[in-house]
Amino acid sequence: MIQIDNVSKSYKRVGGGRREVFRNISLTIEKTDRIAFMGPKLSGKSTLIKMITGFEQPDSGSVSRFCDISYPIGSSTVLSSNMTGKENIAFICRIFGCDTRETIAFVEDFTGLGTALDRELALYARDEKSRLAFALSYALPFDIYVLDGSFGGGSPDFKNRCETLLEKRMETSGILFATAYTSFARYFCKKVVVIEDCQLVEYDDIEAGIEHFKELKAKYDQGDAA
Amino acid sequence: MASSSVHISHDSLFSEIVLWFRGFERLCRVVFALMIREMKIRYGRSRMGYAMAFVTPAIQKGLLVAIMVIYERKAPVGPSAVLFYWAGLSSYHMFGFTVGKCLISLKYAKKDRILPIVRPPDMLYARAILEGLTNTVVNVIGFILIYIFDTKMALPGAPLYVIESMALMLMLGIGVSFILAVFCVFFPTLMYLWRAVSIVLMLVSGTYQIADTLPPAIRNVLWWNPVSHGIELFRLGFYPTYPDIFISVSYLTAWACGSLVVGLALERVMRRRIAAHR
């Protein structure tokens, strides 16, 4: 379970002053929940994800995590560029207490990187790096997988395989998906949380949530044009 | 009703304990993982690997000892000048090197915050423990070499004093680096300032003298410096006739515990501001 309790968050503006992102939001997320966080650009989807995974601290209120929660899936920030692929995998396994050998075998098999895993990460092509990052984060057994924007990267074939894998993971775990694509929300999620005016609006009915999101997006796009 | 509520409180106490142990297990796991990564990264490109981490402080210490041996020729106590200065520096560096390495760990821990179970102090713990182990290895190798080539006194007669001194100096180092690391996030200049300060601190901590033989006026001021107590305590383990009127272990312990409490509290209080600082 993750409990977001009365959280407020704002960022310093470069020119001075503060931009408010969230005002006194509360949300309880269960282990098996599949939630899509939806909102137009700059509405704070990523900030919410960052606060849930602990990267950002709220200004006030608290976020309590009572289960194993992943880092944002496919994030390459966790990888160190002057270690080899295998060393990186071993590091993440040690942190989360998983079996290193099994994980390496899984990643090797899933990405098809083979001997490239013995190379230093600085020498990886961008595609190889993103494949490693995605496979590694899916290899670990989390209670809740957190996705920010995308569920797979690289070639379309690899993206498809990521999708299949995510579906398999969803059988036993929950997911939190920050996205601006209605198709992702429909396909992966059972609940929608729309971010509007620094507040969260929960929808158990996916279509109603998507409808609300579309209105907000239209408003945002109009404002953008004007 | 009463019995059931008692039952619940027992139950929650038990689950508290279980939670605490799970948290401790998590901490050990994370710190261990960060330690291994630190070892791989710091000298990753060098062919010698982490052995470089032993060579650098050994050379630094060896040069400082060499300068003093050439300059002074004779030790204030005991037959060997090399042993006297090596012992003083061994103790001081347990503190000095730890602070030097841990000072920046909160400033550069940003990247690791993306892993939900890594907390900001974990990186500092990892570096401190690694630095403590590395320094211990360097010190021990140094004493073994002195034992073989110079004097049999390099085998401490009272090893407990030596261990006590190293442990307290490491603890003081961790406490002080917590405090400084918090300030270092907001005032990065502190990193360079520390290098200058650490040299001065080494000179005014009695690394090169016996505190009890100094003039009383200087000695009374020196007494307030906790580092000097650690250095004196370290030497006490090697020389049976070493003067120990100066040493106050409780003063050093109070500093070690106090700085650790203040440092940990400061980090916790400032955690949100540190995260928001960029």
Side-chain angles (χ1 to χ4, degrees), chain A residues 2 7-12 14 18 49-63 65-84 86-98 100 120-122 133 137 140 142-146 148, chain B residues 12 15-16 18-19 21-47 49-50 52 106 108-123 125-126 130 182 185-186 267-278:
Chain A
I2 304 167
V7 161
S8 299
K9 176 81 187 167
S10 61
Y11 282 115
K12 242 187 210 165
V14 179
R18 297 191 83 84
I49 292 286
K50 279 177 186 164
M51 283 199 295
I52 288 172
T53 55
F55 186 71
E56 295 276 5
Q57 298 276 327
D59 294 342
S60 66
S62 67
V63 180
R65 295 175 282 269
F66 299 105
C67 57
D68 287 334
I69 172 167
S70 79
Y71 56 90
I73 295 293
S75 158
S76 55
T77 321
V78 297
L79 306 172
S80 309
S81 57
N82 39 12
M83 292 202 295
T84 66
K86 276 186 183 165
E87 282 170 348
N88 270 300
I89 298 172
F91 167 68
I92 297 291
C93 287
R94 271 188 217 109
I95 287 265
F96 289 104
C98 311
T100 310
E120 230 173 72
L121 214 72
S137 42
L140 306 168
F142 292 114
D143 291 334
I144 296 179
Y145 289 83
V146 178
D148 189 1
Chain B
S12 66
S15 62
E16 282 285 300
V18 169
L19 263 180
F21 270 104
R22 252 192 232 153
F24 187 70
E25 192 251 321
R26 175 209 67 86
L27 179 73
C28 293
R29 214 169 61 203
V30 168
V31 168
F32 180 69
L34 288 170
M35 258 170 70
I36 302 273
R37 189 186 63 170
E38 186 72 15
M39 284 174 74
K40 291 222 163 103
I41 285 182
R42 197 181 293 168
Y43 294 100
R45 288 184 191 279
S46 145
R47 194 174 289 180
Y50 195 70
M52 279 300 288
L106 287 184
Y108 295 128
K110 185 159 191 173
K111 198 182 143 200
D112 294 314
R113 285 212 312 271
I114 199 160
L115 295 165
I117 62 172
V118 178
R119 297 272 134 256
D122 295 348
M123 195 66 206
Y125 293 139
L130 189 61
V182 171
V185 175
F186 304 102
E267 191 277 328
R268 194 66 196 84
V269 169
M270 298 295 280
R271 192 174 285 177
R272 285 183 180 184
R273 289 207 196 163
I274 291 172
H277 190 82
R278 53 190 81 207

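Computed from a predicted model, the values in this text were never measured in an experiment. Side-chain atoms are counted along with the backbone in the values below, which use heavy atoms only and exclude waters and symmetry mates. Quick note on labels: first sequence line is chain A, next is B, and so on, each numbered from 1.
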> What's the shortest heavy-atom distance between A:R65 and B:P116, and which atoms?
Replying inline: NH2-O, 4.2 Å
>> Within a 6.0 Å radius of atom NZ on B:K111, are there more than 12 heavy atoms belonging to other residues, nucleotides or ligands?
In response: yes
>> Can you list everything that forms a ring pair (Phe, Tyr, Trp, His ring centres under 6.0 Å) with A:Y145? Sequence neighbours excluded, please.
In response: A:F142
> Can you say whether A:T77 sits under 4.5 Å from chain B via the side chain, the backbone, both, or neither, judging by heavy atoms?
Replying inline: both
> With only heavy atoms counted, which part of A:D59 is less than 4.5 Å from chain B, the side chain, the backbone, both or neither?
Replying inline: backbone
>> Let's test your reading of the structure: which of A:N88, A:T53, A:I95 forms the most heavy-atom pairs below 4.5 Å with chain B?
In response: A:I95
>> Counting neighbours of CZ on B:R268 that are heavy atoms of other residues, nucleotides or ligands and sit closer than 6.0 Å, is the number greater than 12?
In response: no
> Is it the backbone or the side chain of B:L34 that comes under 4.5 Å from a heavy atom of chain A, or both, or neither?
Replying inline: both
>> Counting only non-hydrogen atoms closer than 4.5 Å, can you tell me which residues of residues 22-30 of chain B sit against chain A?
In response: B:R29, B:V30
> Side chain, backbone, both or neither: which part of B:V118 has an atom under 4.5 Å from a heavy atom of chain A?
Replying inline: side chain
> Which pair of non-hydrogen atoms, one from A:S81 and one from A:E120, has the smallest distance, and what is that distance?
Replying inline: O-CG, 4.0 Å
>> Can you tell me which portion of B:R119 sits under 4.5 Å from chain A's heavy atoms? Options are side chain, backbone, both or neither.
In response: side chain
>> Taking side chain as everything from C-beta outward and backbone as N, CA, C, O, which of these in A:L79 sits under 4.5 Å from a heavy atom of chain B? Side chain, backbone, both or neither.
In response: backbone
> Side chain, backbone, both or neither: which part of A:I92 has a heavy atom under 4.5 Å from chain B?
Replying inline: side chain
> Do you know which two heavy atoms are closest between B:A109 and B:M123, and how far apart they sit?
Replying inline: CB-CB, 4.4 Å
> Does the pair B:M270 and B:V185 meet the rule for a side chain to side chain contact (heavy atoms under 4.5 Å, CB included), with working shown?
Replying inline: CA-CA 10 Å; B:M270 298 295 280; B:V185 175; over 6 Å; no
>> Does atom CZ (B:F186) have a neighbourhood of more than 12 heavy atoms from anything else shown, all under 6.0 Å?
In response: yes
>> Taking ring pair (Phe, Tyr, Trp, His ring centres under 6.0 Å) as the definition, give me every residue that meets it alongside B:Y108, ordered by chain and number, with sequence neighbours left out.
In response: none
>> Test of understanding: with side-chain contact (heavy atoms from CB on, under 4.5 Å), list the residues that count as partners of A:S62, not counting sequence neighbours.
In response: A:D5, A:S64
> Taking A:G54, A:S80, A:S75, A:S70 one by one, which has the highest count of heavy-atom pairs under 4.5 Å against chain B?
Replying inline: A:S80
